[in-house]
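First the structure, in the form of structure tokens, and then the observations on it.
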Protein chains: 2
Amino acid sequence: MRIGELAENCSVTTDTIRFYEKKGLIKSLRNPDNGYRTYSSSDIKKMMFIKHCKQAGFSLEDIRDLLLIWENKMDASCEDVKTLAEERLHKVEVMLSSLQTVHGILHTLVQSCCGGKESAEHCSILSAIEKGE
Amino acid sequence: MRIGELAENCSVTTDTIRFYEKKGLIKSLRNPDNGYRTYSSSDIKKMMFIKHCKQAGFSLEDIRDLLLIWENKMDASCEDVKTLAEERLHKVEVMLSSLQTVHGILHTLVQSCCGGKESAEHCSILSAIEKGE
DNA sequence: CTTGACCTTAGAGTATAGTCCAAGGTTTAT
DNA sequence: ATAAACCTTGGACTATACTCTAAGGTCAAG
Ligand SMILES: [Zn+2]
Ligand SMILES: [Zn+2]
Ligand SMILES: [Zn+2]
Ligand SMILES: [Zn+2]
């Protein structure tokens, strides 16, 4: 399989596959005649694993580590995997928390404003921002 | 006031002030003798306005527009302000939603794994990812 | 009169995850 | 034989909000 066919099979672009290779997520054999990258069906499985990891919110760096474990399950422990997942979960929770704070502020601001067509001189959003909420 | 003093007064770096100037958020007068940026106390108010906007989750581009309105309140309407805030609120809600999805997936994954020190061959996180949740 | 603290500029680097381009070589189909 | 479709590389560009560097000019104190 050449890169275009792998890309087709996995619904990604060839650019993405080359990018993942550069980042150390996938390797490729080369056709010695023309230098073309060559893949097997196990690379489809690998690309699908990567896509599932992304759906779960893992970064490419996380995924590189998860792939190493996945391809060498006997040399890794559940602890290794769980630690990785917990660290990502924690980062997501931190982001979620600050996003929720921001959401609350914006929601309050939006609700306070009449949204009318008259001058913004009396706008409660502007005065709330001015005062720092 | 020179840039260092404004930075000090607002707890930002001089780099940040120059960056905001480049992005069109603040302007500065120049001392004709030496080319140094010169600021007045209204620039402190402006910087504080910017900081409050950031706390509310607005982007620098949003803030540039908000500042234009704030400095010309009579030429703008509540509608203008509210529309800006609603658009940002919507973007935050979209981000929040995808982050919550990811949080749910990660939380389930973490809970499913024993986290033990034995081989990862039976790891439920890996098999869940493999299957695509 | 020199040292240190301040100011100037343009430009590069940080992080993330790609995406696009140019300039060239290869393969496939007509 | 030639055009379309594919492949190669390195490097630039996207978005966001800074942060840092280099190389130089200015200013106040001792
Ligand atoms: Zn109003
Ligand atoms: Zn209003
Ligand atoms: Zn286990
Ligand atoms: Zn496990």
Side-chain angles (χ1 to χ4, degrees), chain A residues 1-39 43 47 49-67 84 87-88 91-92 94-95 98-99 102, chain B residues 1-39 43 47 49-67 84 87-88 91-92 94-95 98-99 102:
Chain A
M1 208 186 319
R2 300 191 308 194
I3 197 171
E5 203 176 342
L6 177 62
E8 178 77 11
N9 279 318
C10 302
S11 307
V12 298
T13 68
T14 56
D15 272 335
T16 299
I17 295 174
R18 289 192 203 96
F19 179 73
Y20 287 173
E21 182 172 322
K22 199 158 56 182
K23 291 284 159 178
L25 275 74
I26 48 170
K27 305 117 234 151
S28 57
L29 296 172
R30 296 302 182 110
N31 178 332
D33 295 339
N34 53 23
Y36 285 10
R37 288 172 179 84
T38 306
Y39 301 97
D43 293 308
M47 279 300 304
F49 186 86
I50 293 172
K51 291 187 83 180
H52 295 328
C53 286
K54 283 181 62 57
Q55 275 172 43
F58 289 106
S59 71
L60 292 191
E61 205 188 332
D62 292 342
I63 297 174
R64 203 191 48 211
D65 298 342
L66 283 170
L67 274 168
L84 247 160
E87 281 168 4
R88 174 54 51 190
K91 283 174 193 148
V92 166
V94 169
M95 286 190 280
S98 65
L99 214 49
V102 150
Chain B
M1 207 187 318
R2 300 191 306 193
I3 198 170
E5 203 176 341
L6 177 62
E8 179 76 10
N9 279 319
C10 302
S11 307
V12 297
T13 68
T14 56
D15 272 334
T16 298
I17 296 174
R18 290 192 202 96
F19 178 72
Y20 286 174
E21 181 174 323
K22 200 158 55 182
K23 292 283 159 179
L25 275 74
I26 49 171
K27 305 118 234 150
S28 57
L29 297 172
R30 295 301 183 110
N31 178 331
D33 295 337
N34 55 22
Y36 286 9
R37 288 172 178 82
T38 307
Y39 301 96
D43 293 308
M47 279 300 303
F49 186 85
I50 293 172
K51 290 186 83 179
H52 295 327
C53 286
K54 283 180 62 59
Q55 275 172 44
F58 289 106
S59 70
L60 293 191
E61 206 188 332
D62 291 342
I63 298 173
R64 204 192 46 211
D65 298 342
L66 283 169
L67 274 168
L84 246 160
E87 281 168 5
R88 175 54 51 191
K91 282 174 192 147
V92 166
V94 168
M95 285 191 281
S98 65
L99 214 49
V102 151

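Side chains are part of it too, since the values below use all heavy atoms of this structure and drop only hydrogens, waters and symmetry mates. In the text below, chain A, chain B and the rest are named by the order of the sequence lines, each starting its count at 1.
Of all nucleotides in DNA chain C having an atom under 4.0 Å from a heavy atom of chain B, the first and last in 5' to 3' order are dC6(C) to dT9(C).
Nucleic acid contact class of R2(A) (heavy atoms, under 4.0 Å, all strands): sugar-phosphate only.
OP1 and OP2 of dG25(D) both lie 4.0 Å or more from every side-chain N or O belonging to Y36(B). Remark: R18(A) is in phosphate contact with dT8(D), judged by side-chain N or O atoms under 4.0 Å from OP1 or OP2.
Computed from coordinates, the N31(B) CG to dG25(D) C1' distance equals 13 Å when rounded to whole Å. Between E8(A) atom CD and dC7(D) atom C1' there is a gap of 16 Å when expressed in whole angstrom units. Computed from coordinates, the R30(A) CZ to dT9(D) C1' distance equals 10 Å when rounded to whole Å. For the pair I26(B) CD1 and dA17(D) P, the computed distance is 15 Å after rounding to whole Å. The separation between E21(A) atom CD and dC7(D) atom C1' is 13 Å, rounded to whole Å. Taking atom CG of D15(B) as the reference point, atom C1' of dA17(D) lies 12 Å away to the nearest angstrom. Atom CD1 of I3(A) is separated from atom C1' of dT9(D) by 12 Å (rounded to the nearest Å). Remark: C1' of dT19(D) and NZ of K22(B) are 11 Å apart, rounded to the nearest angstrom.
Nearest nucleotide to the N34(B) side chain, out of dC18(D), dT26(D), dT8(D): dT26(D). Of the candidate nucleotides dG25(D), dT19(D), dC7(D), dT19(D) has the atom nearest to the side chain of F19(B).
Judged as a salt bridge (Lys or Arg N to Asp or Glu O under 4.0 Å), the pairs with a partner in residues 20-29 of chain B (not counting sequence neighbours) are, in order, E21(B)-R30(B), E21(B)-R37(B), K27(B)-E71(B).
With DNA chain D read from its 5' end, the first of the two nearest nucleotides for K54(B) and T14(A) is the one closest to T14(A).
Taking the C1' atoms of five terminal pairs at each end of the helix from dC1(C)-dG30(D) to dT30(C)-dA1(D), the two resulting helix axes are inclined by 30°, rounded to 10°.
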